[in-house]
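Reading through the structure tokens given below for one structure.
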Amino acid sequence: MKLTIISTPIGFLGSGRGGGVELTLNSLVSGLLKQNHFINVVAPINSKLPESCSAANLFTVGGYEQSSWQHQDYFAKTDNSKGSIVNVMLEKALSLIKDCDAIINLSYDLLPISKTLEINFPILHLISMGDESFEISNIISKVYANYPYNFAFHSKAQASDYPFIKEPIILGNGFELSKYTFQEKKEGPLAWVGRVAPEKGLEDAAYVASEIGETLNVWGVIEDEDYASKISGLYPSGEICWKGFLPTNKLQEELGQCRALINTPKWNEAYGNVVVEALACGVPVVAYKRGGPGEIIQHGETGFLVKADDKESLLLYLEQIDFINRRKCRDWVENNASSNIFAKKVVSWLKRVIKEYE
Ligand code: UDP
């Protein structure tokens, strides 16, 4: 197939500001290339694709930046102006359709979704967030009424945020496993990975690490400086070790040396890439049973799931983490979330949708 993928308009690919969508795009593209599909990627200016995606055509475009929906008012209005980056990306993707079988949209935005109603061409939407915007939920519901197969989600929990979706297509996510090295050693430090922003709940992980008297290593983009410094101020200097945002190869190397990942989302996490990345390195995860992580972690096998926001249970289970067999963590990812498995699921989704247009 010839496919065009629209990236997130938040940040450029490689900046980290696009969160999990950046890695999703990379593994999707490399999985599809391995299956000999022809891929265009449309992304914000300065975007870069990793080596594994070098056979894809990358089109970068400029435009007005926008802020991510989770940091806007639920009832905020979309910026529909011509120059908004999502609009420019959409226009570019549409200019390529003569030579294309379908568009896969990874942006959580109104315009690409509403376009589905306006043209007789398959535009598929892999929704990357739970319900974070009234306008977007509304347009999904409107388009879904006519094109129910054009939407897919990462987890059942995420899809449940859209109650009008009756039989959601759930794709999980995929990871280029050759990039993650399994590490056997159990004695390392504690890890937390993610965008540093309130919906990620870093404060609960910091609390738990402090209670057991250990440093918490934190990797990720500091999206909200005030939030980060508020948490930092709660603990003696050094108790939180800020490691910054690292590219995947460095991140996995350092993360793989850790004893456990603590994952404490405060929102309905659509999937939770970092959970799978830790497992891929053999690092078990203790997480709140909220959103995607609740469907990824096998309680007692690859880590532990505790009631959301229950910090004391988090603490108790963290103390049991040595009972987890690190090899089983890696095995779960190989059997459920490789980029090949993900690309195969995406291809069957594409075929089903393209058939509807024939
Ligand atoms: N990440 C990274 N380097 C870092 C920390 C995080 O590349 O130092 C990436 C990580 O690989 C993951 C993303 O940031 O793909 C976070 O995605 P997740 O799905 O966990 O949450 P989101 O940001 O989408 O809400």
Side-chain angles (χ1 to χ4, degrees), residues 7-30 47-50 52-53 67-71 106-108 126-132 153-155 157-158 161 171-177 179-180 191-202 205 216-224 227-228 240-258 261-281 283 285 287-288 290-297 333 337 339 342:
S7 181
T8 169
I10 310 297
F12 56 87
L13 289 172
S15 68
R17 288 180 47 226
V21 179
E22 295 189 27
L23 193 72
T24 301
L25 185 142
N26 290 346
S27 31
L28 178 59
V29 171
S30 67
S47 289
K48 288 202 170 48
L49 289 172
S52 57
C53 301
S67 65
S68 49
W69 277 105
Q70 70 268 31
H71 301 141
L106 301 186
S107 78
Y108 180 81
L126 176 52
I127 303 294
S128 60
M129 288 201 262
D131 176 17
E132 292 294 318
F153 300 84
H154 289 290
S155 68
Q158 176 205 5
D161 256 12
L171 300 178
N173 212 346
F175 299 80
E176 190 61 57
L177 288 182
K179 292 186 178 165
Y180 298 85
W192 187 95
V193 187
R195 287 177 294 105
V196 179
E199 68 272 18
K200 295 294 188 178
L202 171 61
L216 181 66
N217 292 285
V218 174
W219 287 270
V221 163
I222 298 189
E223 211 172 47
D224 186 331
Y227 170 73
I240 299 180
C241 182
W242 302 96
K243 300 283 202 174
F245 177 80
L246 300 184
T248 304
N249 63 334
K250 287 301 291 172
L251 175 68
Q252 66 83 33
E253 192 185 315
E254 297 189 11
L255 178 58
Q257 292 166 23
C258 293
L261 177 83
I262 308 176
N263 188 255
T264 42
K266 294 285 169 182
W267 68 342
N268 184 9
E269 188 74 69
Y271 187 75
N273 280 1
V274 300
V275 169
V276 182
E277 293 181 271
L279 297 176
C281 302
V283 178
V285 185
Y288 286 154
R290 176 179 270 147
E295 292 165 35
I296 296 167
I297 297 156
V333 186
S339 58
F342 182 52

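Each ligand, and each atom within it, is numbered from 1 in the order the structure gives. Quick caveat: nothing in here was measured; it's all calculated off a predicted structure.
In this structure, Phe175 and Tyr271 have parallel ring planes: the angle between them is below the 30° cut-off, well short of the 60° mark.
Qualifying side chain to side chain donor-acceptor pair (under 3.5 Å) partners for Glu176, counting only residues two or more places apart in sequence or in other chains: Ser30, Lys34, Ser339. For Trp267, the side chain to side chain donor-acceptor pair (under 3.5 Å) partners two or more places apart in sequence, or in a different chain, are Glu269. In this view, Phe153 and Tyr162 satisfy the ring-ring contact (aromatic ring centres under 6.0 Å, His included) rule, not counting sequence neighbours.
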*Check against salt bridge (Lys or Arg N to Asp or Glu O under 4.0 Å), Glu199 and Lys266*: CA-CA 5 Å; Glu199 68 272 18; Lys266 294 285 169 182; over 6 Å; no
List below, pair by pair, the N or O atoms of ligand 1 and of the protein that are less than 3.5 Å apart, including the distance to 0.1 Å; reply 'none' if no pair qualifies.
unit_1	atom_1	unit_2	atom_2	d
ligand 1	3 (N)	Leu246	O	2.7
ligand 1	7 (O)	Leu246	O	3.4
ligand 1	8 (O)	Leu246	N	2.7
ligand 1	11 (O)	Glu277	OE1	2.6
ligand 1	11 (O)	Glu277	OE2	3.0
ligand 1	15 (O)	Asn273	ND2	3.3
ligand 1	17 (O)	Gly20	N	3.1
ligand 1	19 (O)	Asn273	N	3.0
ligand 1	20 (O)	Asn273	N	3.4
ligand 1	20 (O)	Val274	N	3.4
ligand 1	21 (O)	Lys200	NZ	2.9
ligand 1	23 (O)	Arg195	NE	2.7
ligand 1	24 (O)	Gly20	N	2.6
ligand 1	25 (O)	Arg195	NH2	2.8
ligand 1	25 (O)	Lys200	NZ	2.7

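The closest donor-acceptor contact from the side chain of Ser68 to the backbone of Gln70 lies at 3.5 Å or more, if one exists at all.
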